[in-house]
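See structure below.
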Amino acid sequence: MARTTIVEYRVLPDAASLAHATAQHLTAKITETVRTRGLARVAVSGGSTPRATFQLLADPAEPYRDAIDWSRLHLYFVDERCVPPDNPDSNYGMTRDALLSKVPLPATNVYRIEGELPPEEAAARYESAIRNSFRLEGAEAPRFDVIQLGMGPDGHTASLFPHTEALNELGRIAVANHVPQQQQSWRITLTWPVLLEAAHVFFLIAGQDKAGVLRRVLTGPYQPDDLPSQIIQPRNGQLLLLLDSEAANELPPVEDGQGRLEVRR
Ligand code: 6PG
């Protein structure tokens, strides 16, 4: 059955203003969730784009750090490369250096994917840590309060890469995924049903190299095996994109930096 997703996109002039807009958005979502639910369970992506946002969240000279009650934030990872935390490719390592080492987020509130372990073991341990922290019974999917996604120039998101096994995984929370097209060919990733279940999902995307694939993802034919980001049609029917002007370059022009598309699939 076809579903309609209201895709709202905000276009910021450059990477620096995008990082501020993302830090402000995350701060608002976290504080709103803590106020209404007592704690916020947030899953973040790795790669390079989020680093600037994480640095702003940690910067005492910026308004974000002191606005967040870090003791009530539980931080998870959308995916991880199967490398040790000190490897320069580690998403945890990037997040630790940019954010975790600089804010009073209790270590027990950080759910690291143990990339140094054999992939299947890392996935199973992460899945169990999520189940325990969400106090899940049975096969229900965890409902994260916020999930921040990125998108690769090939249309992947999380570590859901084109033509890889994880695209077909429906029953698990997290899996090991072999990605032959990547140098770090083993990844651990949340599965797409978990990504769709979240109360709020947003993409953070910057750079000219994402403009063409973003247009295809949003307005092209539905080809999820080629463009896994097309799968991200949250159950709540809402999707937010935070973009810089380069990434948004091939989307319909926006008024006051705000755009809206209805994606029906
Ligand atoms: C990863 C990420 C991945 C990332 C995209 C975009 O492990 O690499 O989770 O999904 O979000 O590849 O990465 P950039 O921000 O580096 O463009």
Side-chain angles (χ1 to χ4, degrees), residues 12 14-16 18-19 21-23 26 42-56 75-85 87-99 111-116 119 122-123 126 144 146-164 166-167 169 174-192 194-196 198 201-214 216-217 224 226-232 239-249:
L12 285 302
D14 52 38
L18 175 62
T22 308
L26 271 172
V42 177
V44 293
S45 289
S48 58
T49 309
R51 184 197 309 271
T53 296
F54 294 167
Q55 288 169 334
L56 288 174
L75 192 73
Y76 303 76
F77 292 86
V78 166
D79 65 338
E80 185 57 279
R81 293 81 178 276
C82 290
V83 295
N87 182 300
D89 286 336
S90 168
N91 289 338
Y92 170 79
M94 181 275 282
T95 310
R96 176 198 58 204
D97 297 347
L99 177 63
Y111 300 81
R112 181 176 75 88
I113 303 173
E114 296 160 295
E116 67 278 18
Y126 188 48
F144 286 92
V146 181
I147 293 185
Q148 174 263 321
L149 296 173
M151 190 183 73
D154 60 353
H156 85 263
T157 188
S159 282
L160 301 169
F161 284 81
H163 315 293
T164 60
L167 293 180
E169 182 55 60
V175 291
N177 192 28
H178 185 241
V179 186
Q181 60 265 50
Q182 287 288 313
Q183 193 199 354
Q184 291 299 349
S185 60
W186 278 99
R187 303 280 190 105
I188 309 297
T189 185
L190 292 178
T191 56
W192 62 259
V194 173
L195 304 181
L196 270 57
V201 181
F202 77 96
F203 277 93
L204 166 59
I205 306 175
Q208 189 58 43
D209 64 330
K210 310 290 176 73
V213 68
L214 180 58
R216 290 172 51 215
V217 163
D226 295 325
L227 297 169
S229 291
Q230 289 187 321
I231 298 171
I232 310 304
L239 182 63
L240 173 66
L241 314 181
L242 298 181
L243 310 172
D244 70 353
S245 52
E246 289 186 348
N249 191 25

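What you see is a predicted model, and the numbers here were worked out from it, not measured in a lab. Basis for what follows: all heavy atoms, side chains included, without hydrogens, waters or symmetry-related copies. Read the numbers this way: they start at 1 and go in the same order the structure lists the ligands and their atoms.
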Residue, atom name and distance, where the atom is the protein heavy atom closest to [atom]:
| atom | result |
| --- | --- |
| atom 8 (O) of ligand 1 | R81 NH2, 2.7 Å |
| atom 17 (O) of ligand 1 | K210 NZ, 2.6 Å |
| atom 6 (C) of ligand 1 | M151 O, 3.5 Å |
| atom 15 (O) of ligand 1 | T49 OG1, 2.6 Å |
| atom 13 (O) of ligand 1 | G47 CA, 4.0 Å |
| atom 5 (C) of ligand 1 | H156 NE2, 3.5 Å |

Checklist entry - Just heavy atoms, cut-off under 4.0 Å: does D79 contact ligand 1 by side chain, backbone, both, or neither? => result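 For D79, only side-chain atoms sit under 4.0 Å from ligand 1.
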Checklist entry - Counting only heavy atoms, which portion of N91 has something under 4.0 Å from ligand 1: side chain, backbone, both, or neither? => result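 Looking at N91 and ligand 1, just side chain atoms fall under 4.0 Å.
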Checklist entry - Judged by non-hydrogen atoms, does E80 sit under 4.0 Å from ligand 1? => result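 Outside the 4.0 Å threshold, so no.
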Checklist entry - Would you call the rings of Y76 and F144 parallel, tilted or perpendicular, where under 30° means parallel and over 60° means perpendicular? => result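 Perpendicular: the ring planes of Y76 and F144 meet at over 60°.
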Enumerate the atoms of ligand 1 whose separation from the nearest heavy atom of [X] is less than 4.0 angstrom.
| X | answer |
| --- | --- |
| S45 | 9 (O), 11 (O) |
| R187 | 1 (C), 7 (O), 8 (O) |
| G150 | 11 (O) |

Compare all side-chain heavy atoms of [X] with those of [Y] and state whether any distance is below 4.5 angstrom.
| X | Y | answer |
| --- | --- | --- |
| L243 | F203 | no |
| E80 | Y126 | no |
| C82 | Q184 | no |
| L195 | L160 | yes |
| S185 | H178 | yes |
| S45 | L149 | yes |
| I205 | T49 | no |

Checklist entry - Looking at L241, V146, I232, I147, which one forms a side-chain contact (heavy atoms from CB on, under 4.5 Å) with F202? => result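 Passing option: V146.
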Item to check | Heavy-atom nearest option to atom 16 (O) of ligand 1, drawn from G152, S48, A247 | outcome: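 The option holding the nearest heavy atom is S48.
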Item to check | Pick from P153, A158, G46: the one approaching atom 3 (C) of ligand 1 most closely through a non-hydrogen atom | outcome: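 Going through P153, A158, G46 one by one, A158 has the nearest heavy atom to atom 3 (C) of ligand 1.
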Item to check | N177, N91, D79, T164 screened by side chain to side chain donor-acceptor pair (under 3.5 Å) with S159, the one that passes | outcome: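 Output: one option passes, namely D79.
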Checklist entry - Considering distance alone, does some N or O of S159 sit under 3.5 Å from an N or O of ligand 1? => result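 Between S159 and ligand 1 (N or O atoms, distance only) the closest approach is not under 3.5 Å.
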